[in-house]
K.L.:
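Mind looking over this structure? Questions follow.
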Amino acid sequence: MNYNYLRYFSVLAQVEHYTLAAARLGISQPSLSSAIHQLEDELGGVKLFEKVGRNIRLTDEGRYFREKVDHALMELNTASMTLKDSMISAPVYIRMGVVSGTLGGTVAREIADYMLHNSRIRFQIVESAAQDLMDLVRQEKLDMAIVDTTNRDRSLHFRKLCWRSFFAAVPLSDPLAQEPFLTPQQLSGRPQVAFHDVSETSFGKWATGGDETVCCVVNTAQAALDLVSAGVGISLVSEDCVHPHSQIAFVPIKNWHQALYMCILYDKWLEPPVWGFVERLVKVIRALYPNTQ
């Protein structure tokens with residue numbers, strides 16, 4: 001049923017005068033008459049108005065219909081105002097994925113600042129392996145993800161952000177903790193807490209040429225550091241994970257870097273606040289690492 005016809009009927013029912021109702025609605029009298037006739041036809045030929053001299057008045061059916069229409073129009077108006085208000089005050093969720101070891105430092109500061117200056121913004125953050133995050137982006141369960149590898153899936157778009165360095169997290173009691181830097185060869189054969197990653201660039205394969213020394217597999221850097229503290233083994237973590245620790249030494253890995261990428265879905269429309277954060281994060285990180293490209 002035509003919404004405008006119901007609105008026209010409601011106004012005409014109030015004034016019971018075609019000329020006055022048409023003027024209030026800002027339409028011509030013939031247009032109003034035509035709309036009322038079409039509305040009556042849609043109702044099966046029910047007459048909503050009857051003539052009284054040169055004026056009109058509601059029929060019994062018209063009075064019944066007016067009560068229902070006015071109530072429905074009031075409900076629709078309330079719903080419309082609620083939706084309009086929600087566009088101003090409702091939260092906007094940014095669903096973001098990060099590979100372990102990237103949430104600290106610059107990314108965390110940008111999230112905090114973006115929320116500070118955008119009161120509607122909320123973040124939902126998933127920390128996992130790159131392949132898992134790419135699957136979630138592909139399934140539209142994440143708006144974006146910061147990953148440490150790419151693939152040939154043309155449904156995904158990758159923008160290089162920066163290169164990050166890696167450190168060996170080793171117990172302070174380990175002789176390696178005294179070294180100024182380490183090489184993958186020096187770590188070979190050591191029990192290793194590795195990150196779950198099915199790509200060719202998994203931490204275990206980088207360090208040892210295979211996974212035979214991996215004694216434990218985790219998804220987050222914090223879990224890896226907890227196990228290193230407990231003496232389970234060593235772990236390879238990114239620079240963002242390096243911080244003063246009472247039981248762990250972080251020793252740089254010589255000439256070992258890895259690229260980070262912003263991953264989004266091709267042809268996926270993102271709300272302006274979400275897209276604004278993507279663009280901002282890419283710009284800020286690239287400015288901090290100008291030699292990335």
Side-chain angles (χ1 to χ4, degrees), residues 83-166 195-203 219-222 237-242 257-293:
L83 289 175
K84 288 179 180 179
D85 290 343
S86 73
M87 293 300 294
I88 300 173
S89 59
V92 175
Y93 286 92
I94 297 179
R95 303 169 303 167
M96 179 180 181
V98 294
V99 289
S100 193
T102 60
L103 190 56
T106 302
V107 176
R109 287 193 297 270
E110 289 305 310
I111 289 174
D113 189 67
Y114 203 66
M115 294 179 66
L116 178 65
H117 293 91
N118 298 271
S119 60
R120 296 173 58 200
I121 297 297
R122 306 288 187 273
F123 278 85
Q124 295 177 338
I125 299 175
V126 175
E127 185 176 13
S128 190
Q131 295 295 338
D132 295 337
L133 296 176
M134 285 188 277
D135 286 340
L136 292 174
V137 171
R138 192 181 296 108
Q139 297 164 18
E140 300 189 34
K141 294 180 179 179
L142 290 177
D143 299 312
M144 72 194 79
I146 297 178
V147 296
D148 53 14
T149 186
T150 63
N151 62 29
R152 296 182 180 180
D153 185 344
R154 294 187 178 181
S155 69
L156 299 176
H157 177 57
F158 298 91
R159 298 165 69 179
K160 186 181 288 186
L161 296 174
C162 64
W163 291 96
R164 60 175 180 170
S165 301
F166 276 84
F195 288 77
H196 173 63
D197 192 338
V198 298
S199 71
E200 290 300 319
T201 54
S202 68
F203 291 114
N219 277 336
T220 68
Q222 185 57 55
V237 298
S238 69
E239 56 192 282
D240 284 333
C241 300
V242 176
H257 307 281
Q258 180 190 43
L260 287 180
Y261 304 87
M262 174 65 75
C263 172
I264 60 175
L265 192 64
Y266 262 124
D267 298 326
K268 164 69 174 176
W269 184 86
L270 297 175
E271 289 190 65
V274 180
W275 179 249
F277 180 73
V278 171
E279 291 295 292
R280 169 178 172 155
L281 193 58
V282 170
K283 181 178 179 180
V284 167
I285 294 179
R286 285 182 172 180
L288 289 173
Y289 300 89
N291 297 322
T292 294
Q293 304 306 308

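Keep in mind that this is a model prediction, so the values were computed, not measured.
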K.L.:
Under 3.5 Å, side chain of E239 to main-chain N/O of S165, donor-acceptor pair present?
P.N.:
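Present.
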K.L.:
With rounding to the nearest 0.5 Å, note down the distance linking CG in D148 to CG in L161.
P.N.:
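The CG atom of D148 sits 11.5 Å away from the CG atom of L161.
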K.L.:
Can you sort out the partners of K141 under salt bridge (charged side-chain N to carboxylate O under 4.0 Å, His left out), two or more places apart, ordered by chain and number?
P.N.:
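Per chain and number, K141 pairs via salt bridge (charged side-chain N to carboxylate O under 4.0 Å, His left out) with no residue.
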K.L.:
How far does CG of L133 sit from OG of S128, to the nearest 0.5 angstrom?
P.N.:
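Taking CG in L133 and OG in S128, the distance rounds to 5.0 Å.
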K.L.:
Do Q124 and R95 meet the criterion of a side-chain donor-acceptor pair at a distance under 3.5 Å?
P.N.:
no
K.L.:
Once side-chain contact (heavy atoms from CB on, under 4.5 Å) is applied, do any residues pair with A259, and if so which ones, sequence neighbours excluded?
P.N.:
K160, W163, Y261
K.L.:
Under the ring-ring contact (aromatic ring centres under 6.0 Å, His included) rule, what pairs show up with a residue in residues 129-150, not counting sequence neighbours?
P.N.:
none
K.L.:
Got a second to check how far H257's NE2 is from S238's OG, nearest 0.5 Å?
P.N.:
13.0 Å
K.L.:
Return the set of residues passing salt bridge (charged side-chain N to carboxylate O under 4.0 Å, His left out) with E110 (not counting sequence neighbours), or none when no residue passes.
P.N.:
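Only R280 meet the salt bridge (charged side-chain N to carboxylate O under 4.0 Å, His left out) criterion with E110.
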K.L.:
For F123, give me all partners under ring-ring contact (aromatic ring centres under 6.0 Å, His included), at least two apart in sequence or on another chain.
P.N.:
F277
K.L.:
Just verifying a value: how many Å separate L265 CG and E140 CD, rounded to the nearest 0.5 Å?
P.N.:
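L265 CG to E140 CD: 5.5 Å, rounded to 0.5 Å.
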K.L.:
Between K268 and D143 (salt bridge meaning N to carboxylate O under 4.0 Å), is one present in this structure?
P.N.:
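A salt bridge is absent here (no side-chain N lies under 4.0 Å from a carboxylate O).
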K.L.:
Report the distance from atom CZ of R138 to atom CG of L136, rounding to the nearest 0.5 Å.
P.N.:
9.5 Å
K.L.:
Is a donor on one side and an acceptor on the other found under 3.5 Å between the side chain of N151 and the backbone of D153?
P.N.:
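Side chain of N151 to backbone of D153: a pair is present.
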K.L.:
Treating N118 as the side-chain partner and Y114 as the backbone partner, does any N or O pair qualify as donor plus acceptor under 3.5 Å?
P.N.:
yes
K.L.:
To the nearest 0.5 Å, tell me how far L142 CG sits from D132 CG.
P.N.:
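Answer for the CG-CG pair, L142 versus D132, is 10.5 Å.
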K.L.:
Which residues satisfy the salt bridge (charged side-chain N to carboxylate O under 4.0 Å, His left out) test with E279, sequence neighbours excluded?
P.N.:
R159
